[in-house]
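Computed from a predicted structure; not experimentally measured. By convention in this document, chain letters (A, B, ...) are assigned in the order of the sequence lines, proteins followed by strands, and residues within each chain are numbered from 1.
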Number of protein chains: 2
Amino acid sequence: MSEPAAQQPLAFAALVLALAGELVQGVHERVVAAGFDDLRPAHGFAFARISHGGATTAELAEHLGVTKQASAQLVDELVRKGYVERTPHPGDARARLLRLSERGWACTRAADAAAVAAVAPYQEALGAERFAALVRDLGALDPKGPIRPAW
Amino acid sequence: MSEPAAQQPLAFAALVLALAGELVQGVHERVVAAGFDDLRPAHGFAFARISHGGATTAELAEHLGVTKQASAQLVDELVRKGYVERTPHPGDARARLLRLSERGWACTRAADAAAVAAVAPYQEALGAERFAALVRDLGALDPKGPIRPAW
DNA sequence: ACAGATGGACAAGCAGCTTGTCTATATCGA
DNA sequence: TCGATATAGACAAGCTGCTTGTCCATCTGT
């Protein structure tokens, strides 16, 4: 073991933050390279929520941890750029159900492919078995899901 | 194995981002609770750089990936709040060497303790051996170090 | 039917970052 | 030694993404 046990927690935190930064940057670069150059990394968290069965602006706001107004601004932008459509909400005349447009789905597929490509080097570095064990152990930590950058 | 192999990369990315978010929030909450309530998570990245042998405003800017002006603003704030001191730079009359004040060091110690506390639940969830293996494998991925939030 | 909660929009303001410009000092080549 | 160029840092102006505050329309529970 190369780390003194007392320093493992700090090393773990630093590694996770570093990896997260690299992943966000790597995915974003690939998504931009795929032609979706009018998006920013933060938009991905909105896509993830909307693609999962649709959402209202208020639900999105809570998911992202921002105010309704910030969420509405984000949605406005995504609608203006053609990634998201507002449809009437079945069963609530106040709300609008947000759905991904075809371009939105295309971007989501590109982002998934980008994530796979960004992770590939790590997968290779560890080998299939150790990588699988890593994913399993990370999953056992049961984080509450990627909400938003937040800092 | 509960994950189909083809979905492991996406699961990995999602888990790392989720963990990073939880860690940042967990550390920040504890640092605030320790009395350093006039700081934001992003400041930690500046502390990390300055504490490591001091730095100039321009070096900090490059490390954080922002402009010199943004860096200078950040430093102004940290100086105003008593965490950082500007000292003359030995060997370059243009530059100022940034150093942590005693309060800055106290905050750094509190942040380290906060990180250890934030990671502790994960350590317990996996047990000492699996956690050590996790840290080892994450280290083998060799990320370039936590630079800044960036997204 | 009415009171309170909730989805969403409009307006104003602020914090953190950007670009552009400037001075003082450092560095390098003739 | 000196002149050209690069660099550290500061000043000014502006933009963007977020905030709070207010308002209306619609839903929900009693």
Report yes or no: is there a donor-acceptor pair, N or O only, under 3.5 Å between the side chain of A:Q69 and the base of D:dG17? no
What is the separation between atom [atom1] on [X] and atom [atom2] on [N], rounded to the nearest whole Å?
| X | N | atom1 | atom2 | value |
| --- | --- | --- | --- | --- |
| B:L60 | C:dC17 | CG | C1' | 14 Å |
| A:L98 | C:dG8 | CG | C1' | 11 Å |
| B:L39 | C:dG16 | CG | C1' | 16 Å |
| A:H43 | D:dC18 | NE2 | P | 8 Å |
| A:L74 | D:dT16 | CG | P | 15 Å |
| A:E62 | C:dG7 | CD | C1' | 13 Å |

Base, sugar-phosphate alone, or nothing: which one does B:A70 contact when heavy atoms must sit under 4.0 Å apart? base
Using a 4.0 Å heavy-atom cut-off, does A:T57 contact any base of the nucleic acid, only the sugar-phosphate backbone, or nothing at all? sugar-phosphate
Check whether more than 12 heavy atoms from other residues, nucleotides or ligands sit under 6.0 Å from atom CD of B:E129, and answer yes or no. no
Looking at the rings of A:F47 and A:Y83, which for Trp means the six-membered one, are their centres under 6.0 Å apart? yes
Minimum side-chain heavy-atom gap A:R49-A:H63 below 4.5 Å: yes
Please tell me if B:T56 has a side-chain N or O lying less than 4.0 Å from either OP1 or OP2 of D:dG9. yes
Under 3.5 Å, is there a donor-acceptor pair linking the side chains of B:Q25 and B:E29? yes
Tabulate protein N/O versus nucleotide N/O from nucleotides 25-30 of chain D, keeping only pairs under 3.5 Å, one per line.
residue: D:dT26; atom: O2; partner: A:R94; partner atom: NH1; Å: 3.2
residue: D:dC27; atom: OP1; partner: A:A93; partner atom: N; Å: 2.7

